[in-house]
Peer 1: 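Quick one: structure below, then a few questions.
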Amino acid sequence: MTTTSDSSSPDSSSPSDLLDCDATDQAAAIRSGQISPSELMAAALGRLDERNPALNAVIHHRSARATAEAAAALDPSMPFAGVPMVVKDLGLGIAGEPHHMGTRALKRHGFTAPTDSYSYSKLRAAGFIVIGRTNTPEFGTTITTEPLSYGPSRNPWNTNHSTGGSSGGSAAAVSAGIVAVGHANDGGGSIRIPASECGLVGLKPTRGRVSHGPLVGESWFGATIDGAVTRSVRDAAAVLWAMQGPMPGDPYGTPTPLRPYTDEVGADPGRLKIGLFSEPQSGFAVDLACVEAVSNAGALLESLGHHVERSAPNALTEVEFGDHFLTGMMANVAADVAYLESIVGHPFGEDDLEPENLFYAMVGKTLTATAYVEALSWMHGYQRRMASWWTPTPEGGNGFDLLVTPTIGMAPPPIGWIGDPSAEPGHRVRSVMQYTAQFNVTGQPAISLPLHVNADGLPIGVQIVAAFGREDLLIRVASQLEAAAPWPHLAPA
């Protein structure tokens, strides 16, 4: 049950076969008249009914609305007119529809989004039709999708294992062939980690590239950003192009792309200077398969003509990073909890929030404004120390173009492993996300590619990081790697 990525026209003989293609091929089939949006939607909803019970990926179904939207007249100029997708139940609102953010409190309250988010409006303008909202851990504060509110999402590669988080429901739906595109967002690795664990492409954009509006300016001190998990690099490029662009009042700006990201797919990246890094952070270990994945990616990049060497920013291993990141996150969780308490009309307790988030909120409320600003100032300095590795020196030396690391420190863990109450609090989370949150703080774009599989048949992602604003370079190199070493579109049957 696999198809490799290519840019040829689809020759699928049935709607079910077409679901195994990427979104670009699905859109082409609709434009050519090979299939109607209603036929493709019916096939996707059938897949949802068939496969979701084993995966628990989609928690709010939009079957009736999606069917009606597919039957309506669609503008053929839309790049993805009639293509089904899923959206994460965190950070992307659809007016009047459930938005529970992984919490029992909002689920019990029956909370619905008051307005469409800008990201949803842009995805609809591109022609996508949402078939459902996907499972997410509470507030997205952990890296496995196992909330008490809706139960665990399960990995299509092995249902005893995690999908990652916090966009694990979306990743499971895409990996299982229900849809080709899943909305995701990333505050510490939540696009890239599920992409790694479910064998997908996960592109985290540059800070500010995608607007959080209209209800939110920034989230987690500017660390979070919306994007998608996809099966192909060309889909990642096209979906980002549909979502990107500043909106009035956004607090951050980004360099304007010189051309559509879709034009970067297959474009020659030139000969690049690339650093490899797979050493464990202090106090942790890294699976041999993850180290091997980086080594193999380096060899492949070298065979493609790039200069590759063992190098990374010195700041990447600064042990203080985790504590400052946690300080900022806890302050933001406390603020989020206070806002949601005002919506439901009572303080949150043990029946409303999971223990970890209750703890974050409690500590966050005790933090002073001075402590928060001190953490933020430290992270601003950290950004500059990290960026220097990518920056040419005053003496004329070349900075590096790309950094290659493991996406995570291990293969997809078993369900329940991250949250095991007998484990040291926070240690297992940090052991997995050794390489991702740093680039949320710096705001740099990063992509996880499914370039490896371990001895147990579980996918292992490789992360590539570019300088601030250089999604174009990431897409060129990612498409070069995809052409050289194509990966399966779907999890094995």
Side-chain angles (χ1 to χ4, degrees), residues 5 7 22-24 79-80 119 122-123 126 181 184 186 191-192 195 200-211 225-247 250 252-275 297 300-301 304-308 313 383 386-387 389-392 398-405 407 436 439-440 442-451 461-485:
S5 306
S7 56
D22 69 358
T24 301
F80 291 102
S119 290
K122 289 185 176 186
L123 289 167
V181 172
D186 192 317
I191 292 173
R192 293 157 288 161
L200 300 173
V201 177
L203 172 57
K204 181 195 85 68
T206 297
R207 175 185 292 124
R209 183 71 72 197
V210 179
S211 175
I225 189 73
D226 285 83
V229 287
T230 63
R231 299 177 193 156
S232 65
V233 173
R234 65 181 184 178
D235 275 5
V239 175
L240 177 57
W241 187 247
M243 296 179 74
Q244 70 88 36
M247 299 299 288
D250 283 352
Y252 296 106
T254 53
T256 302
L258 298 179
R259 59 182 180 176
Y261 291 130
T262 48
D263 291 351
E264 307 298 348
V265 178
D268 183 5
R271 188 172 190 264
L272 303 177
K273 186 177 181 182
I274 300 173
L300 181 57
L301 287 162
L304 293 169
H306 302 295
H307 170 80
V308 178
Q383 290 176 224
M386 287 283 279
W389 188 81
W390 278 265
T391 306
N398 292 326
F400 281 81
D401 296 297
L402 299 172
L403 174 67
V404 178
T405 76
T407 304
T436 53
F439 303 107
N440 293 86
T442 65
Q444 293 170 249
I447 192 168
S448 179
L449 299 177
L451 288 170
V462 172
Q463 177 179 237
I464 308 176
V465 187
F468 191 89
R470 294 305 308 270
E471 288 96 332
D472 57 339
L473 189 58
L474 278 186
I475 291 165
R476 288 178 211 163
V477 170
S479 64
Q480 187 181 46
L481 289 169
E482 185 179 36

Peer 1: Check A242 against A126 and note the closest heavy-atom contact, atom names and distance.
Peer 2: CB-CB, 3.8 Å
Peer 1: What are the two closest non-hydrogen atoms of G245 and K122, and how far apart are they?
Peer 2: O-NZ, 3.0 Å
Peer 1: Hey, is the main chain of D226 close enough, under 3.5 Å, to the side chain of K204 for a donor-acceptor pair?
Peer 2: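 Here the side-chain-to-backbone pair does not exist.
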Peer 1: Report the residue from L203, L240, V201 that forms a side chain to side chain contact (heavy atoms under 4.5 Å, CB included) with T230.
Peer 2: V201
Peer 1: Has the side chain of E471 got a donor or acceptor atom that lies under 3.5 Å from a matching backbone atom of T206?
Peer 2: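 At least one qualifying donor-acceptor pair exists.
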Peer 1: Exactly one of L474, L301, V308 should register a side chain to side chain contact (heavy atoms under 4.5 Å, CB included) with L402. Which one does?
Peer 2: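 The passing option is L474.
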Peer 1: Search all heavy atoms of T407 against all heavy atoms of S448 and return the closest pair with its distance.
Peer 2: OG1-OG, 2.9 Å
Peer 1: Go through it in stages, so that I can follow the logic: the residues are M243 and L123, the test is side-chain contact (heavy atoms from CB on, under 4.5 Å), and I'd like the CA-CA distance, side-chain angles, deciding distance and then a yes or no.
Peer 2: CA-CA 6 Å; M243 296 179 74; L123 289 167; 3.7 Å; yes
Peer 1: How close do Q444 and A467 get, heavy atom to heavy atom, and via which atoms?
Peer 2: NE2-CA, 3.9 Å
Peer 1: Please examine the side chains of Y252 and P246, heavy atoms only from C-beta on, and report whether any two atoms are closer than 4.5 Å.
Peer 2: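 SC-SC contact between P246 and Y252 ruled out.
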Peer 1: So R259 and E264, salt bridge (Lys or Arg N to Asp or Glu O under 4.0 Å) or not? Walk me through it.
Peer 2: CA-CA 8 Å; R259 59 182 180 176; E264 307 298 348; 2.9 Å; yes
Peer 1: side-chain contact (heavy atoms from CB on, under 4.5 Å) between I191 and I447: does it pass, once the steps are laid out?
Peer 2: CA-CA 9 Å; I191 292 173; I447 192 168; over 6 Å; no
Peer 1: Atom OG1 in T391, atom CE in M386: separation rounded to 0.5 Å?
Peer 2: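 It is 11.5 Å, given to the nearest 0.5 Å.
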Peer 1: Using 0.5 Å steps for rounding, measure from the CD1 atom of I475 to the CG atom of D263.
Peer 2: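 CG of D263 is found 10.0 Å from CD1 of I475.
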Peer 1: Which distance, rounded to the nearest 0.5 Å, do you find between the OG1 of T254 and the CZ of R470?
Peer 2: 13.5 Å
Peer 1: Can you check whether G270's main-chain N or O pairs, donor with acceptor, with D268's side chain at less than 3.5 Å?
Peer 2: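 Present.
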Peer 1: Side-chain contact test, heavy atoms from C-beta onward, threshold under 4.5 Å: evaluate it for P257 versus W241 and give yes or no.
Peer 2: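 In contact.
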Peer 1: For the backbone of L272 and the side chain of H307, can you confirm whether one donor and one acceptor N or O come within less than 3.5 Å of each other?
Peer 2: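 Flag not set: sc H307 to bb L272 has no pair under 3.5 Å.
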Peer 1: Taking NZ, NE, NH1 and NH2 as the nitrogens, is one of them in R231 or D235 under 4.0 Å from a carboxylate oxygen of the other?
Peer 2: no
Peer 1: Run the side-chain contact (heavy atoms from CB on, under 4.5 Å) check on I464 and L481 step by step: do they pass?
Peer 2: CA-CA 11 Å; I464 308 176; L481 289 169; 3.7 Å; yes
Peer 1: Which distance, rounded to the nearest 0.5 Å, do you find between the CG of D401 and the NZ of K273?
Peer 2: 8.5 Å
Peer 1: Quick check for you: to the nearest 0.5 Å, what is the distance between L449 atom CG and L451 atom CG?
Peer 2: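 L449 atom CG to L451 atom CG measures 5.0 Å (nearest 0.5 Å).
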Peer 1: Looking at every non-hydrogen atom in both residues, tell me the closest pair between P255 and F468 and how far apart they are.
Peer 2: CD-CE2, 3.9 Å
Peer 1: Does any non-hydrogen side-chain atom of D22 lie less than 4.5 Å from one of R234?
Peer 2: yes
Peer 1: Nearest 0.5 angstrom please: W389 CH2 to L403 CG, how far?
Peer 2: 4.5 Å
Peer 1: Can we call the ring centroids of F400 and W390 under 6.0 Å apart?
Peer 2: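 No, the ring centres sit 6.0 Å or more apart.
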Peer 1: Can you give me the closest heavy-atom contact between P269 and Q480, atom names plus distance?
Peer 2: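 Distance-wise, the nearest heavy atoms are CG-OE1, 3.6 Å.
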Peer 1: Any donor and acceptor pair, going by atom type alone, linking the side chain of S479 with main-chain N or O of G266 inside 3.5 Å?
Peer 2: yes
Peer 1: Test side-chain contact (heavy atoms from CB on, under 4.5 Å) on Q463 and F439; report intermediate values, then the result.
Peer 2: CA-CA 11 Å; Q463 177 179 237; F439 303 107; 3.9 Å; yes
Peer 1: Does R207 reach the main-chain N or O of N440 with its side chain, forming a donor-acceptor pair under 3.5 Å?
Peer 2: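 Yes, because the side chain of R207 sits within donor-acceptor range (under 3.5 Å) of the backbone of N440.
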